[in-house]
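In this text, all values refer to a predicted model and were calculated from it rather than measured experimentally.
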Amino acid sequence: MEPHTSPHRRRTVSITRRAHHLSGSAANEQSNAHVPTLKGLGKSDCEVKIVSVLDCETLVPVDALLDRSSSLDVNDMQQVLDDARSFSPNLMSDSLHSLSGSRTAQVQKALRRPVLAYKPITDLRRPSQQFLQSNSPRQYVNDATLRRLTSNKWAVRKQAFAGGKQDGSRLLKQIRKQIIFSAICRKNLMNTTISTPEIYGIKTAKAGGVVGNIVVDMEYIPFHDVCHIVLEHDKSIHEWLIESAISIVDYELTQCTTTPLKDVLPGFYSKVKSIQEALPKSALLSEEEIKLIMEQFDQILEHFAAQPEIPVPVGTCHGDLTFQNMLVDPINRELCVFDFLDSFLESPLQDIAKLLQDCRHHWFLTQIHVPDKGLARSVTTLGVFYDRIYSAYYRYAFWDVVPLFEFFCLARILPYMTTSVEKQCIMEGLQRISEDIALLSEKVEEDELILIGSLSSNEGENIFDDKDRKTTVIVPALGPDMGELYADGQIKLLALNVWASYSLPVSLGVPANNPQSSGRPLIVDSISSLDFRNVSTIVIAVLESLILQHCGTKSYFESLFSSLPASTLLLIHFHYAKHPTVDAVDTVTSTIISLSTTGPIFIKDADNDFTHCIDIGNYLTYRSIVKIPSHTPSPLAESETPKWDGRPDLIDATHKSYVSFSYDNIISNIAYGSFVSSQFCCGGWSFTSAQDFLAAATKLKASIQGTDIGADVKEGGMRGSLKVLDVLWQLVCDGQLFFGASVGEYEDWGSKVAWEAHAKRGREKRERDEEGVSGWGVWFAGLVGLSIES
């Protein structure tokens, strides 16, 4: 809505939105296309909606924000509110982080002009703001607060009702926390890249009105949710995000006082009673499960009652510091937190426990939709977050009492869970914590962290010392897709490459008069263009039953590789597996174990071909999705102007993995089906150690299977399948460096669409060759003006 829109139009915005939801008409959809949505909105006890910033409440009644348990009086609270609404933070040191567009940048811009005087203007509003009422929120909020993309138009309204899940009194407590947090951010007492939505106004019940009805209007933040950051952005953004969250807890800890556990433990006993009374209301819990939960309560309280002197930091906290309550601007690196929550015990350990709830127990993944292709990446990244939190605090004495807060954070959700996925996440989390308390000592925990954090079996080893050291190539062709029918009854594994000039006997099942009787199986071509000078063994891993079904004998299948150079044939080892595998990672790990493979490995996809000299190292092969046309006309060109045809060798771009690099060609991000850059992975993956790959794959599988995330869990306890890039990303997150190696002459037949395009190009090439005139002849004849017949 534009600033000059009529009042009548402003009043009808919400009516129009409701009409759109009811009718679903195209006209209404078009008229509301410019209105922001709260698509990432999670569960809320309040009504939350988007409103025009011109319709916001503008007054904040300070009296309503006073808390009897706080030492802040009316004047103190007014000062806090003024600080929260200040135009900019206090002057900062030059060492503080600054990025364009952030509040910090606004301040540093002012620092560069210390001697300049302002003009004596009575109205400091911009011309576009002159018409606004004096109490409009846009009068005192500067451009850095009303962030880009909002166009100074929209706000978020939270409304609590008497008798609802959350009445106004509790909402006011939470808003009070948010205002105090905003003042802290504006006064530059915390990490300057952290913020919270501005509170524009609060409407409380009038005299004689219904007590508990509260309306709060606040700033709309057009940032990304954490799910998007995890799935799309690189490791550096992930590291900044978790460190920013930790910095919030760090500040809270500096404002705390410590008290012995015995002084706060009664509050936990009271909380147990309230949870126990609410558990029978849950339709998802059986009597046996409720009994188990109460036994776990008794166990954990008994454990901590025996340690009464553990220091517990008590003081300010967010109260619900989960990833659902964060929005991220990855460009300017600003973290915005919201939805503060009051707690029965105000302590920074509540926020640590909330972060662990998401990072360790994966509650976050039950509240969002993660596609199968992104599940492994999400679990890996959350694991990195957990390691960072552990490393930040495990040496402090209060860490010993964190499991108590962690357990209660999960347990308090039990009465409110609505799905079996949520139930399973909570129940397994409670069991995990109970086992920690019962079985693990401090020394064991440290040993486990060392095991988890260091997967590399050759750390510190110079892999280039041995000049004769060579790598093992593994071609995984065990997956279920290898039996997919392509054309003329051929399965993917044995489909013929019509580009190759190689004749097959009729016994393979291809009639002699078939145009595809000339060619060799694509499984052969998948390794035909590689340089094996640094290779000791080439392992072709296939399913024995599939080979016997379509080739008759193993020896016949092996004879299909006879067209390869003799030096290559000497390196080939055929691995016939008795049972199919679920994915490429399963194939590689089973092959490594079966053949006791050690040392460097190079994994080569069986459904494409490219030129590359295999070497030892941590790297992947890639090409650019952008094909740069040659400035020199092709000899086969029909005209002097080269015709742009895109990438004929990349048909199915959405089913590729894309990779981006930082300095010195180091991998910074990699994702399947997400265009993180114009470079796509083309099916070659090198690891300096087979044991590294095996350890990372085992860890990743355990993380996914241990949580059993997702409503559509497939047989075997895993949703989706693992890709080699998932294991590579696990190793990158564990601290290993991986690089990129560009390859040439890429051909893809990984999907049926890609195969059909590949076969079509092959047929066209053969037809040109069979005409008896090469492309060079046509080109030369055109130059001299002669026809071929003459």
Minimum heavy-atom distance between K235 and V732, given as atom pair plus value: NZ-O, 2.9 Å
Taking the side chain as C-beta and beyond, is there a heavy-atom pair between N669 and W729 under 4.5 Å? yes
Quick check: do T589 and K701 have side-chain heavy atoms less than 4.5 Å from each other? yes
Gap separating the CD1 atom of I547 from the OH atom of Y556, nearest 0.5 angstrom: 11.5 Å
Could you walk me through whether E232 and S674 pass side chain to side chain donor-acceptor pair (under 3.5 Å), step by step? CA-CA 7 Å; E232 301 291 338; S674 296; 3.0 Å; yes
So, do I527 and I572 sit near enough that their side-chain heavy atoms are less than 4.5 Å apart? yes
Taking every non-hydrogen atom, the tightest pair across L478 and H579: CD2-O, 4.4 Å
Decide whether Q730 and T380 meet the rule of one side-chain donor and one side-chain acceptor closer than 3.5 Å. yes
Do you know which of F661, F610, F680, F738 makes ring-ring contact (aromatic ring centres under 6.0 Å, His included) with Y622? F661
Report the distance from atom CZ of F739 to atom CD1 of I667, rounding to the nearest 0.5 Å. 9.0 Å
Would you call K723-D605 a salt bridge at under 4.0 Å N-O? no
Could K656 and Y672 be counted as a cation-pi pair, given that NZ or CZ must be under 6.0 Å from the ring centre and within 45° of the axis? no
Less than 4.5 Å apart, side chain to side chain, heavy atoms only: is that true for H238 and V384? no
On the 0 to 90° scale, with breaks at 30° and 60°, tag the Y576-F557 ring pair as parallel, tilted or perpendicular. perpendicular
Please report, to 0.1 Å, the donor-acceptor pairs under 3.5 Å made by any side chain of residues 529-541, with sequence neighbours excluded.
{"from": "S529", "atom 1": "OG", "to": "D609", "atom 2": "OD1", "distance (Å)": "3.1"}
{"from": "S529", "atom 1": "OG", "to": "D609", "atom 2": "OD2", "distance (Å)": "3.1"}
{"from": "D531", "atom 1": "OD1", "to": "R533", "atom 2": "N", "distance (Å)": "3.1"}
{"from": "D531", "atom 1": "OD1", "to": "R533", "atom 2": "NE", "distance (Å)": "3.1"}
{"from": "D531", "atom 1": "OD2", "to": "R533", "atom 2": "NE", "distance (Å)": "3.0"}
{"from": "D531", "atom 1": "OD2", "to": "R533", "atom 2": "NH2", "distance (Å)": "2.6"}
{"from": "N534", "atom 1": "ND2", "to": "I614", "atom 2": "O", "distance (Å)": "3.0"}
{"from": "S536", "atom 1": "OG", "to": "T471", "atom 2": "O", "distance (Å)": "3.3"}

State, without any angle test, whether T587 and T581 hold a side-chain donor-acceptor pair at a distance under 3.5 Å. yes
Counting C-beta onward and ignoring hydrogens, is there a side-chain heavy-atom pair between F687 and N618 closer than 4.5 Å? yes
Any donor-acceptor pair under 3.5 Å linking the side chain of R377 with the backbone of D726? no
